[in-house]
Participant: 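Sharing a structure here in structure tokens format.
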Amino acid sequence: MATEHGDDPIGSALGHVATAVERVVVPPDVRFIAQRARHLEHRRPYRRVSVAASVVLIVAAATAAAVVLPGHERPPGPAGIAAIPSHVVRFGDVQLVVKDLPVVARRATSIPASNVASLHLPAASANHASIAFGGGNVWVLEHAATATSAPCGRLVAVRATSAQVVGSVPIALCPHALAYGAGSVWVLSSQIGVTGYQLVRVDPSTFTVRSTLTIDGGPGGVTPQGDTGVKYQFVTVSSGQVVAAVQEPSGAAQLTALDGATGTVTRSVTLLRSDGPVTGLGAAGGTVWVGTANGRVISFNPSSGALSRGVRLGTRVASLAAAGSELWVTVNVPVPPHATYAGLDTLRLDPTTGKIAQDTGLPMTFVSTDGTSVWALGSAPPYRSDAGLLAKIAAVAGTMSDKAQLPATGYIAPDTLGVYAGTAWVVNDSAGTLTRISP
């Protein structure tokens with residue numbers, strides 16, 4: 001039974017404040033959106049971008065209530081270390097500090113080139129979480145040359161120790177999201193012209209399909225259209241419960257939970273339409289955490305179906321990563337017009353409350369953790385100098401300890417990040433590479 005969690009009076013109040021501060025928010029880079037859309041149309045017909053929809057979504061997020069204070073510098077650090085230029089951003093009741101990323105990166109230790117190895121693989125990446133780990137393997141997705149091919153794609157296993165392909169499984173519909181857990185690999189797929197979403201359960205040892213479940217995306221089902229039904233698909237596993245996030249025809253996000261042992265659907269809940277689509281999904285501390293397009297981080301209990309109203313941390317959750325007791329997000333934050341620093345921040349959250357436990361100040365686009373180590377990836381235009389910057393974050397201090405610069409040219413930049421046994425794995429679907437980076 002579909003349910004909605006209650007409305008938020010604070011969110012409504014913020015909406016009124018937004019009108020007064022709208023002029024300090026940076027408009028979206030429409031030229032880049034259009035350029036990226038044309039590139040994806042040419043390379044991957046299955047992943048057509050609705051430019052108008054993307055622009056509307058970004059503009060809506062950008063007009064959220066926020067006040068940006070003038071840039072300032074922190075006091076000099078210990079042992080005579082010069083302060084890092086930083087900027088205070090206030091978003092509702094949240095105050096964040098965004099650091100000057102090039103200055104931070106110059107102080108980090110460079111990872112030796114010998115620790116970086118790339119495998120040429122036509123991996124497909126619908127979003128920052130299109131990668132999974134388990135059973136000694138890295139699991140990624142591939143798509144067929146055309147969206148009408150049957151099967152539309154494959155689940156591919158790459159041995160983590162050797163970075164070599166060790167097996168694959170054909171997937172009938174186009175695979176977009178995946179997770180490892182409850183003894184299986186779970187692949188969420190959809191295809192233009194096909195009603196509903198399919199959750200495919202794969203045996204990781206025999207590379208065979210165990211079962212296929214069709215998820216109804218709303219009343220009468222839904223036919224995904226390009227990125228609308230692709231980049232907002234996520235799946236995660238928590239304590240034997242598998243949770244899939246898809247979009248309903250209204251644009252609202254739907255969470256479907258099923259028992260990992262039986263494959264039986266146990267819960268189906270719908271988020272408020274004002275929250276927008278799901279932009280990140282993960283499990284930490286026995287709780288499933290949901291990041292949304294309006295910057296909210298919501299907790300979901302797959303056993304009871306309970307949803308929290310969550311905490312709004314920015315204009316948009318850019319990525320969410322959870323493992324063990326670690327919960328991290330990157331968020332978009334408003335910046336003044338013509339700002340020289342990125343409107344992003346990397347935050348560690350309390351896995352029991354979802355509130356900010358640590359503000360690193362690092363304006364990175366994507367973050368990932370395996371529960372012990374944390375890595376972040378920069379890939380956000382128009383700050384092209386940050387694209388391809390990979391950083392290991394010291395979890396306790398929240399500082400950038402190690403860095404590597406991965407190839408990035410314009411919109412051909414790495415866009416998917418995962419961490420397994422302390423090692424970072426990065427997908428650049430435009431370049432067709434899967435790269436392993438050891439600290």
Side-chain angles (χ1 to χ4, degrees), residues 26 29 32 61 84-87 89 91 94 96-111 116 125 127-131 279-280 282 291 295 297 313-323 326-335 339-349 356-370 373-408 411 413-419 423-428 435 437 439:
V26 171
D29 188 345
F32 175 82
I84 295 176
S86 57
H87 311 267
V89 177
F91 183 85
V94 176
L96 305 175
V97 175
V98 179
K99 297 177 182 177
D100 187 312
L101 189 57
V103 173
V104 174
R106 283 197 295 269
R107 300 183 180 185
T109 302
S110 294
I111 296 174
V116 181
S125 175
N127 54 53
H128 65 88
S130 298
I131 190 169
T279 56
V297 176
L313 302 175
T315 59
R316 179 183 177 89
V317 173
S319 71
L320 181 149
E326 291 293 315
L327 176 60
W328 291 75
V329 295
T330 55
V331 293
N332 290 117
V333 295
V335 297
T340 57
Y341 58 97
L344 291 158
D345 200 359
T346 304
L347 309 172
R348 179 170 62 85
L349 307 184
I356 297 175
Q358 184 177 38
D359 175 14
T360 71
L362 300 177
M364 305 292 281
T365 313
F366 307 122
V367 66
S368 185
T369 179
D370 60 359
S373 59
V374 183
W375 294 74
L377 176 66
S379 187
Y383 308 97
R384 300 190 184 279
S385 61
D386 302 335
L389 174 64
L390 179 72
K392 185 177 182 182
I393 300 175
V396 175
T399 57
M400 184 185 300
S401 59
D402 301 273
K403 67 177 180 181
Q405 181 62 49
L406 304 181
Y411 51 79
D415 50 12
T416 302
L417 171 66
V419 182
T423 297
W425 295 80
V426 178
V427 174
N428 185 330
T435 302
I437 306 96

Participant: For T360, does its backbone N or O pair with a side-chain atom of K99 as donor and acceptor, under 3.5 Å?
Facilitator: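 Checked: pair present.
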
Participant: Considering non-hydrogen atoms only, spot the tightest contact between A387 and Q405 and give its length.
Facilitator: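 Nearest pair, atom of A387 first, then Q405: O-NE2, 2.9 Å.
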
Participant: For V367 and A321, work out which heavy atoms get closest and say how close.
Facilitator: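 Closest heavy-atom pair between V367 and A321: O-CB, 3.4 Å.
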
Participant: To the nearest 0.5 Å, how far apart are NE2 in H87 and CG in D100?
Facilitator: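 Answer rounded to 0.5 Å: 6.0 Å.
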
Participant: Identify the two heavy atoms, one from F366 and one from P414, that lie closest to each other, and give their separation to 0.1 Å.
Facilitator: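 That would be CE1-O, 4.4 Å.
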
Participant: Is the closest side-chain heavy-atom distance between V116 and T435 below 4.5 Å?
Facilitator: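 Sidechains of T435 and V116: in contact.
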
Participant: Give the intermediate values and the outcome of side chain to side chain contact (heavy atoms under 4.5 Å, CB included) for residues L406 and N428.
Facilitator: CA-CA 10 Å; L406 304 181; N428 185 330; over 6 Å; no

Participant: Roughly how far apart are I393 CD1 and R348 CZ, rounded to 0.5 Å?
Facilitator: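 Spacing of CD1 (I393) from CZ (R348) equals 11.0 Å.
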
Participant: Run the side chain to side chain contact (heavy atoms under 4.5 Å, CB included) test on I356 and L96 for me, step by step, so that the C-alpha distance in whole Å, both residues' side-chain angles and the decisive distance to 0.1 Å come before the verdict.
Facilitator: CA-CA 10 Å; I356 297 175; L96 305 175; 3.7 Å; yes

Participant: Give the C-alpha distance, both sets of side-chain angles, the deciding distance and a yes or no for side chain to side chain contact (heavy atoms under 4.5 Å, CB included) between F91 and D345.
Facilitator: CA-CA 12 Å; F91 183 85; D345 200 359; over 6 Å; no

Participant: Are S319 and T365 close enough that some pair of their side-chain heavy atoms sits under 4.5 Å apart?
Facilitator: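 SC-SC contact between S319 and T365 ruled out.
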
Participant: Which of these passes side-chain contact (heavy atoms from CB on, under 4.5 Å) with D359: L313, V94, V97?
Facilitator: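 Only one of L313, V94, V97 forms a side-chain contact (heavy atoms from CB on, under 4.5 Å) with D359, namely V97.
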
Participant: If you measure from OG1 on T399 to CZ on R107, what distance do you get to the nearest 0.5 Å?
Facilitator: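 That separation rounds to 11.5 Å.
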
Participant: Give me the atom names and distance for the closest heavy-atom approach of T369 to S373.
Facilitator: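 For T369 versus S373, the nearest heavy atoms are OG1-O, 2.9 Å.
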
Participant: Do you know which of L101, L344, L377 makes side-chain contact (heavy atoms from CB on, under 4.5 Å) with D386?
Facilitator: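 Only match with D386 under side-chain contact (heavy atoms from CB on, under 4.5 Å): L101.
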
Participant: When you look at V98 and V335, which way does the side chain to side chain contact (heavy atoms under 4.5 Å, CB included) test go after all the steps?
Facilitator: CA-CA 10 Å; V98 179; V335 297; 5.8 Å; no

Participant: Taking all atoms of both residues into account, what is the closest heavy-atom pair of W375 and L417, and its distance?
Facilitator: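 Shortest heavy-atom separation between W375 and L417 comes out as O-CD2, 3.5 Å.
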
Participant: Ignoring hydrogens and angles, tell me if any N or O in the side chain of T346 forms a donor-acceptor pair with the backbone of L362 under 3.5 Å.
Facilitator: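 Judged by distance alone, yes, a pair lies under 3.5 Å.
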
Participant: Between L389 and M400, which heavy-atom pair has the shortest distance, and what is it?
Facilitator: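 Where L389 meets M400 most closely, the heavy atoms are CD2-CE, 4.4 Å.
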
